[in-house]
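Have a look at the structure below, then the notes.
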There are 2 protein chains.
Amino acid sequence: MKPNHDFTSKLKQAGIRVTPQRMAIYSLLMDYKNHPTAFMIYEQIRENFPSISLMTVYNTLNMLADRGLINVLGHAGDDSVHYDADIEPHVNLACISCHNIVDINSKYVNQMTNEINSTSGYQLFGARVLFYGNCPACQNQSRSH
Amino acid sequence: MKPNHDFTSKLKQAGIRVTPQRMAIYSLLMDYKNHPTAFMIYEQIRENFPSISLMTVYNTLNMLADRGLINVLGHAGDDSVHYDADIEPHVNLACISCHNIVDINSKYVNQMTNEINSTSGYQLFGARVLFYGNCPACQNQSRSH
DNA sequence: TTGTTATTTTATAATTATTATAATATTGTA
DNA sequence: TACAATATTATAATAATTATAAAATAACAA
Ligand SMILES: [Mn+2]
Ligand SMILES: [Mn+2]
Ligand SMILES: [Zn+2]
Ligand SMILES: [Zn+2]
């Protein structure tokens with residue numbers, strides 16, 4: 001596996017040792033925009049990396065989250081935690097039928113973040129902004145059942 | 001237990017049978033503003049209602065959430081789900097040290113909600129807006145350790 | 001009020017996402 | 001290359017949540 005210097009330097013900067021497993025997990029989360037769960041990541045990576053264990057996926061995700069390199073979105077109508085490599089505050093839109101999560105642009109998120117940063121008195125680490133409902137595809141399915 | 005007609009009518013409107021347990025759970029969540037977990041609710045209610053079971057708390061919370069009467073906030077640095085009786089989109093502020101969640105006013109939340117409602121194409125049921133960091137009290141504790 | 005039926009509560013067991021452990025393997029470094 | 005610190009893996013344990021089914025209760029009609 002050839003080292004991807006983008007990820008390598010990011011991990012090193014955060015004081016995390018570079019391993020093939022961590023590179024694979026981190027870069028998958030950066031490349032795919034689908035806000036996966038630990039198990040979804042595990043299944044994807046296993047195709048190119050058959051010996052990886054689910055424990056390594058959890059360890060890596062926890063480590064990346066602790067250092068602030070990724071964001072923990074929480075549940076999306078299912079019962080496992082979804083992750084997001086985009087740590088800039090932004091609006092996520094979850095479908096509680098198909099459990100997909102997509103990003104959506106909003107011009108108000110930055111203003112809201114600045115407002116909370118300056119007025120709350122909290123030392124902020126991140127934001128979890130998630131609206132939920134039914135996506136267009138799932139609305140059609142339930143209409144024509 | 002005397003019936004509280006506010007909650008009674010709300011439950012009836014939602015097609016939910018009125019029971020003392022459900023009244024206790026729903027009104028506790030409305031009265032306390034601390035965004036509790038199922039177990040925290042269970043412990044509180046048990047003081048005046050010694051025979052209640054944790055299963056009833058989960059059943060009721062799931063039912064209220066399904067009907068849109070309460071909001072599911074998700075984890076707050078711990079590993080159990082927090083609930084909120086305030087279903088209007090608003091900013092929640094979680095401390096990842098002490099796991100307390102408080103509300104904070106923001107003038108941008110409503111604008112953001114309207115924006116997403118009109119542009120997303122999703123049939124929206126609710127929002128989970130949660131910023132996380134260290135609260136002032138926990139900042140002081142870690143400074144003077 | 002009383003009887004009837006559907007629903008709810010409860011105790012209990014089962015499930016499952018996540019974490020802990022400890023032996024083996026790998027990384028960073030000299 | 002060799003060493004020490006750290007990571008990975010297989011496995012077992014934990015704990016939040018859900019499933020089940022018998023007993024209790026709410027709604028409602030006679
Ligand atoms: Mn996102
Ligand atoms: Mn709130
Ligand atoms: Zn959908
Ligand atoms: Zn705190």
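Throughout, protein chains are lettered first and strands after them, A, B, ... in sequence-line order, and every chain is numbered starting at 1.
B:Gly121 approaches A:Pro136 most closely through the heavy-atom pair O-CG, 3.5 Å. Across all non-hydrogen atoms, the minimal contact from B:Asn105 to A:Glu115 is O-OE2, 4.3 Å.
Residue side chain A:Arg17 reaches the base of C:dT27 through a donor-acceptor N/O pair under 3.5 Å, judged by distance alone.
The separation between B:Ile52 atom CD1 and C:dT8 atom C1' is 12 Å, rounded to whole Å. Atom CZ in A:Phe49 sits roughly 10 Å away from atom P in C:dT26 (whole-Å rounding). Going from atom CE of A:Met23 over to atom P of C:dG28 covers 10 Å, rounded to whole Å. Across the protein-nucleic acid pair, A:Tyr83 atom OH and C:dA17 atom P stand 12 Å apart, rounded to whole Å. Straight-line distance from the CG atom of A:Asn62 to the C1' atom of C:dA20: 13 Å, rounded to whole Å. Per the geometry, CE belonging to A:Met55 stands 15 Å off C1' belonging to C:dA23, to the nearest Å. Distance CE (B:Met63) to C1' (C:dT9): 12 Å, rounded to an integer number of Å. For the pair B:Asn59 CG and D:dT20 C1', the computed distance is 12 Å after rounding to whole Å.
Within the 4.0 Å cut-off from OP1 or OP2 of D:dT8, at least one side-chain nitrogen or oxygen of A:Arg22 is found. Distances shorter than 4.0 Å separate none of the side-chain N or O atoms of A:Tyr58 from OP1 or OP2 on C:dT19. Contact annotation: A:Gln21 reaches the phosphate of D:dT9 (side-chain N/O to OP1 or OP2, under 4.0 Å).
B:Thr19 comes within 4.0 angstrom of sugar-phosphate atoms only, judged by non-hydrogen atoms across all strands, and of no base. Residue B:Ser51 is in sugar-phosphate contact alone, with no base atom involved, counting any heavy-atom pair closer than 4.0 Å across all strands shown.
In this structure, B:Tyr132 has its ring center no closer than 6.0 Å to that of A:Phe125. In this structure, the ring of A:His75 has its center less than 6.0 angstrom from the ring center of B:His75.
Rounded to the nearest 0.5 angstrom, B:Thr60 OG1 and B:Ile16 CD1 are separated by 8.5 Å.
Cluster membership check: A:Leu93 does not share its hydrophobic cluster with A:Tyr32, using side-chain heavy-atom separations under 4.5 Å among Ile, Leu, Val, Met, Phe, Trp and Tyr.
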>> Between B:Ile101 and B:Leu73, does the side-chain contact (heavy atoms from CB on, under 4.5 Å) criterion hold? Intermediate values first, please.
In response: CA-CA 10 Å; B:Ile101 303 178; B:Leu73 279 183; 4.1 Å; yes

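Applying a 4.0 Å cut-off to non-hydrogen atoms, the residues of residues 66-80 of chain A that approach DNA chain C are A:Asp79, A:Ser80, listed by residue number.
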